[in-house]
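Below is one structure, written out as structure tokens, with a few remarks after it.
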Amino acid sequence: IPLADPSVFRHGIYLQQDGSNSGHLIKNNIIARSASHGIQMRNGGTIYNNLFTFNSIGFLLGGGDAGKSGGVEVDAYGNVIMHGKNLDGSNARGWGITAENISVGRVSGNIIANRISGTFPISFEASSSTYPVYDLEFDNNIIYNWGQGPEFDGPSTSYTSVKIRNNQISDTGNYLLEIGTASLTGKITSSNNRFNSATIPSGQIIEIAAVDYTIDQYKTRVNDTTSYTGADTFLDPERTIASYDAYIGRAGTFDSFISGARQQSRANFNPAFTAAAANSYFRDGFNLDDPAFEVKLNNTTNSIFTTSSR
């Protein structure tokens, strides 16, 4: 949009944490080129099977200037986040998902991959520095070629439980996992995560309280017996928006894809320009072609995670 200069106040979708404004479902959207966040979901709710591309920050769960007392419930499932960017020349970004002020939440089945231009990469960050993160599950996610693994920051007293399970973290940049304080390891349950890097020395794979750890040292610290290092076996993890555009028979550029998506209407609808179709293409590149997974993503249930099921 001409003259629409980027700023930290311009987002694709913004949901404030006020009063009864809660429990929203954001599903099957393509959210692209937001100046700052693709979504700020300060009020809690469900975000699933959306495609985020060329945003400075994919999305925020919880948080806000005056966080809701007791935190909010969140579920982020099956989203694809690609091509993080800087906000502008003075605000380096390239962030995938951030979370704070969470009463109970799950971040599961997401792909955060192939950051391109953002020079301050954060794939996932849970922070309790301002507001607590009481109970958080981070499971079955894939982080690939983003430049930084997941981070869990803030004092351990502001966390109740953190579960890090069944993730695949494969990067060529900084640490594959960062834990801000040594005491927080006592709140972590970790299992069956696969770590891989061709460039990071084995003694610097994990950082805990600014100290380097090997995978085995980390496992001992958190009583994890099943996480491991292992090479990628992905079919085609380098897929991009441009390659998807070529796959559906177009020019093979990001601009071509966005142009087609913007022409969607009730009278002119092309299923190829939906998050469901594009995300299926990207998941196939990461060997996630399980039909049951697709059915769960595309059902009509308004939420796939509730505290009553815990």
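Because the structure is a prediction, the values reported are computed rather than measured. Numbering starts at 1 and runs along the sequence shown.
- Residue pairs satisfying the salt bridge (Lys or Arg N to Asp or Glu O under 4.0 Å) criterion with at least one member in residues 192-211, sequence neighbours excluded, are listed as follows: Arg194-Asp232.
- Residue pairs meeting the ring pair (Phe, Tyr, Trp, His ring centres under 6.0 Å) criterion with at least one member in residues 82-112, sequence neighbours excluded, are Phe54-His83, Trp95-Phe120.
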Self-check item: side chain to side chain donor-acceptor pair (under 3.5 Å) between Ser108 and Asp139, worked out
Solution: CA-CA 5 Å; Ser108 179; Asp139 67 89; 2.8 Å; yes
Quiz item: Which is it for Leu176 and Ser197 under the side chain to side chain contact (heavy atoms under 4.5 Å, CB included) test, yes or no, and what are the steps along the way?
Solution: CA-CA 8 Å; Leu176 298 186; Ser197 176; 4.2 Å; yes
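- Between the Asn86 side chain and the Thr119 main chain, a donor and an acceptor come within less than 3.5 Å of each other.
- Listed by first and then second residue, the salt bridge (Lys or Arg N to Asp or Glu O under 4.0 Å) pairs that reach into residues 249-259 are Arg33-Asp255, Asp245-Arg250, sequence neighbours excluded.
- Distance check: Leu177 CG to Ile215 CD1 gives 8.0 Å after rounding to the nearest 0.5 Å.
- Alongside Leu235, the hydrophobic cluster contains no other residue (criterion: ILVMFWY side chains under 4.5 Å).
- Within the structure, salt bridge (Lys or Arg N to Asp or Glu O under 4.0 Å) contacts touching residues 165-181 (residues at least two apart or in different chains) are Glu137-Arg165.
- Applying the side-chain contact (heavy atoms from CB on, under 4.5 Å) rule to Met41 yields the partners Leu15, His24, Ile26, Ile39, Asn43, Ile47; only residues at least two apart in sequence or on another chain are considered.
- Residues forming a side-chain contact (heavy atoms from CB on, under 4.5 Å) with Gln217 (at least two apart in sequence, or on another chain): Tyr213, Thr214.
- Each salt bridge (Lys or Arg N to Asp or Glu O under 4.0 Å) pair with one or both residues in residues 118-128, not counting sequence neighbours, would appear here, but there are none.
- Residues forming a side-chain contact (heavy atoms from CB on, under 4.5 Å) with Val133 (at least two apart in sequence, or on another chain): Ile102, Ser128, Leu136, Tyr159.
- By the salt bridge (Lys or Arg N to Asp or Glu O under 4.0 Å) test, Asp236 pairs with Arg239, sequence neighbours left out.
- For Thr181, the side-chain contact (heavy atoms from CB on, under 4.5 Å) criterion is met by Ser156, Ser183, Leu184, not counting sequence neighbours.
- In this pair, Phe234 and Phe286 present their aromatic rings perpendicular. The plane angle is above 60°, beyond the 30 to 60° band.
- Under a 4.5 Å side-chain heavy-atom criterion applied to ILVMFWY residues, the cluster that includes Leu60 comprises that residue alone.
- Taking the six-membered ring where the residue is Trp, Tyr48 and Tyr77 present perpendicular rings, their angle passing 60° and hence far from 30°.
- Side-chain rings of Tyr228 and Phe195 stay apart, their centers remaining 6.0 Å or farther from each other.
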